[in-house]
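Here is the structure we will look at.
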Amino acid sequence: MLGYLDRTSVAPGDSIGLRVRGNGPFDARWYRVGWYRGAGGRLMRVDRRLSAKPTPGMVVDASSGLAEEPWPEALRIEVPPDWTSGVYVVVLEPTAGTAGVAVFVVRPGSVAPASVLYVNAAATWQAYNHHGPSLYGTLPAGPYGGASWERAHEISFDRPYSEAGGAGYLPRWEAAFIRWQERNGHDVAYCADLDLEMHPEVVGGHRLLVLPGHHEYWTTPMRDTLDATLATGVSAAFLSANTIYWQVRLEASPLGPGRRIVCYKSQTADPITPTHPELDDVPVAAAARQAARGARDRPDVRATWFSPGGLGRGQLGSLALRGDGCPRRGPLREPRGTGVRHVLSHGVSARTELWAQSPTVTAAGQKDPTGHPTMHTATVHATPAGGTVVAAGTYQWSWALDSFGQHSYQGRFTPTDARVARVTTNIYRRLGDGSG
């Protein structure tokens with residue numbers, strides 16, 4: 001059974017609509033994702049014997065590749081005031097057939113701001129959503145339309161995720177991280193990355209922004225909000241890779257604002273280039289990308305594409321492990337995965353420390369597309385405003401924190417590692433909520 005929510009994120013008191021495709025009655029179970037003594041979620045609400053009806057086929061715009069599912073609304077609820085900020089899933093359980101999942105985020109309400117704000121990578125999840133054309137094409141002859149399309153220039157949240165039965169990239173990139181931080185009692189609120197544009201007030205009052213997983217697609221207003229926040233002395237931890245690479249812009253769908261993402265990946269093809277060249281969607285300029293990470297005086301740091309080889313074979317730096325009884329040398333097995341980062345050979349500024357560095361291991365036939373040495377680096381940068389920006393340069397940081405979900409890539413397994421947990425605890429303790 002397939003479904004999606006008509007809002008990417010909501011605050012307590014907002015309403016949210018569930019849209020589904022099916023053929024018969026189903027139950028909807030609403031869970032908040034977390035640790036919960038290892039259960040992984042807390043049941044918040046159950047709606048029984050809802051009606052799912054056959055629906056028209058996917059609507060695909062032939063010129064842009066925009067795919068949307070205009071499914072009817074099966075249920076609308078008001079988010080209760082006692083629903084704690086977090087990542088939520090709705091499990092759709094039909095009386096016959098396979099269950100599906102839909103995901104959304106509950107932003108913090110009127111309670112005092114948490115020390116840490118967790119930012120979910122909703123825009124990048126959608127960019128890789130193969131339910132219909134994605135920003136990478138479609139799965140050929142797949143179950144979502146049965147046709148192979150060229151890469152779309154416009155995509156929509158008005159459709160379910162193709163990954164993980166509708167859960168998107170939550171099980172792959174983020175669930176293990178959420179479980180870890182809640183198991184360890186950290187003071188955390190949650191938002192979607194789109195909220196940095198749609199609800200920029202959400203960043204107010206926090207000491208640390210945490211961005212795990214894969215944060216590749218950003219809008220200019222999202223980046224502007226991040227820049228302005230870092231300029232106040234707030235810190236950020238990019239425990240992710242390929243971060244803030246493609247520039248996109250949001251547009252409305254029939255279901256509301258910010259439901260569509262536009263990304264041509266071409267200055268010549270993007271019709272906005274002649275009038276607004278600063279908003280076209282080529283990769284975000286290196287200087288601007290580094291500014292968004294609080295590293296205005298740091299050289300270019302790019303994402304490169306290699307299979308994992310083990311993080312930290314060299315010296316591990318001061319913020320990571322100093323004074324915590326952890327060995328400073330030795331490999332941290334496989335937390336890097338496909339997207340790693342390296343600092344170009346002309347060095348780093350006095351404000352930037354390389355706290356981990358190691359050679360990458362390339363897959364057969366792969367080469368470094370930049371022509372630079374295949375060296376992974378992780379950095380700590382001191383911002384002029386007094387904050388700190390940590391960049392781990394890996395998608396799979398969360399895999400070393402908790403055993404839940406996917407832990408393998410190209411046949412290589414990433415186990416949990418106490419040293420990665422220690423580094424993450426240090427980041428939270430020194431930059432965020434002080435616990436750990």
Side-chain angles (χ1 to χ4, degrees), residues 31-43 84-89 91 101 103 105-106 114-122 124-125 163-165 167-190 208-215 237-241 308 310-312 316 320-321 324 326 331-340 356 378 390-410 412-429 431-433 435-436:
Y31 292 88
R32 184 183 181 277
V33 178
W35 174 242
Y36 298 108
R37 298 184 179 180
R42 176 187 176 190
L43 182 63
T84 304
S85 179
V87 175
Y88 284 68
V89 298
V91 179
V101 179
V103 184
V105 175
V106 174
S115 300
V116 179
L117 181 67
Y118 177 103
V119 184
N120 160 252
T124 300
W125 289 14
E163 289 280 329
Y169 288 92
L170 176 64
R172 180 180 294 188
W173 301 133
E174 300 190 28
F177 196 101
I178 294 169
R179 287 165 57 95
W180 176 87
Q181 67 181 2
E182 299 213 350
R183 180 173 78 242
N184 287 278
H186 290 294
D187 180 27
V188 182
Y190 294 76
L208 172 67
L209 308 184
V210 174
L211 301 94
H214 191 179
H215 282 265
F238 291 93
L239 303 178
S240 50
L311 173 63
L316 290 169
L321 300 175
D324 293 301
C326 292
L332 304 182
R333 176 75 173 168
E334 314 295 2
R336 281 208 317 274
T338 56
V340 303
V390 180
T394 171
Y395 300 150
Q396 278 98 328
W397 189 264
S398 65
W399 291 8
L401 295 176
D402 186 271
S403 60
F404 177 84
Q406 178 177 335
H407 277 248
S408 295
Y409 181 77
Q410 293 187 350
R412 301 173 71 91
F413 179 75
T414 300
T416 57
D417 193 301
R419 291 167 295 174
V420 175
R422 183 72 260 172
V423 172
T424 316
T425 296
N426 289 349
I427 291 169
Y428 275 68
R429 185 179 71 227
L431 305 178
D433 60 5
S435 64

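The figures here come from the full heavy-atom set of this structure, side chains too, leaving out hydrogens, waters and symmetry mates. Predicted model, so just to flag it, every value in this text is computed and none were measured.
Heavy-atom minimum distance, I427 versus A237: CG2-CB, 3.9 Å. When all heavy atoms are compared, the tightest approach of A175 to F404 is CB-CE2, 3.6 Å. Of all the heavy atoms in S398 and R172, the pair that sits closest is OG-O, 4.4 Å. Closest heavy-atom contact between G393 and A241: C-CB, 3.7 Å. Shortest non-hydrogen contact noted between V33 and V89 is CG2-CG1, 4.0 Å. When every heavy atom of A392 is checked against every heavy atom of W397, the shortest pair comes out as CB-CE3, 3.9 Å.
Side-chain atoms of Y428 and Q181, non-hydrogen and from C-beta on, do get closer than 4.5 Å to each other. Counting only heavy atoms from C-beta outward, the side chains of L170 and I178 approach each other to under 4.5 Å. Residues W35 and R42 have side chains not in contact (no heavy-atom distance under 4.5 Å, counting atoms from C-beta outward). Side-chain contact between W125 and V103: present, with at least one pair of heavy atoms (C-beta onward) separated by less than 4.5 Å. Taking 4.5 Å as the limit, some side-chain heavy atom of F177 sits within range of a side-chain heavy atom of T424. V423 places none of its side-chain heavy atoms less than 4.5 Å from the side chain of V390. The shortest side-chain heavy-atom distance between H186 and Y118 does not fall under the 4.5 Å cut-off.
E163 places no side-chain N or O within 3.5 Å of a backbone atom of P171 that could act as its donor or acceptor partner. With hydrogens and angles ignored, the 3.5 Å screen pairs a side-chain donor or acceptor of S240 with a backbone N or O of L211. Counting only distance, with no hydrogens or angles, the side chain of D433 and the backbone of D187 share a donor-acceptor pair below 3.5 Å. Formation of a donor-acceptor pair under 3.5 Å by the S85 side chain with backbone atoms of V106 is found in this model. H407 contributes no side-chain N or O that, together with a main-chain N or O of A400, makes up a donor-acceptor pair within less than 3.5 Å.
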Q) Run the side chain to side chain contact (heavy atoms under 4.5 Å, CB included) check on T425 and W180 step by step: do they pass? A) CA-CA 10 Å; T425 296; W180 176 87; 3.3 Å; yes
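With values rounded to the nearest 0.5 angstrom, L239 atom CG is found 9.5 Å from H215 atom NE2. Going from atom CD of Q396 over to atom OG1 of T414 covers 6.0 Å, rounded to the nearest 0.5 Å.
Residue-environment remark: CZ (R183) exceeds the threshold of 12 foreign heavy atoms within 6.0 Å.
When only modelled atom types and interatomic distance are considered, T124 and W173 share no side-chain donor-acceptor pair under 3.5 Å.
We find that E182 and R32 are joined by a salt bridge, their nearest charged nitrogen and carboxylate oxygen being less than 4.0 Å apart.
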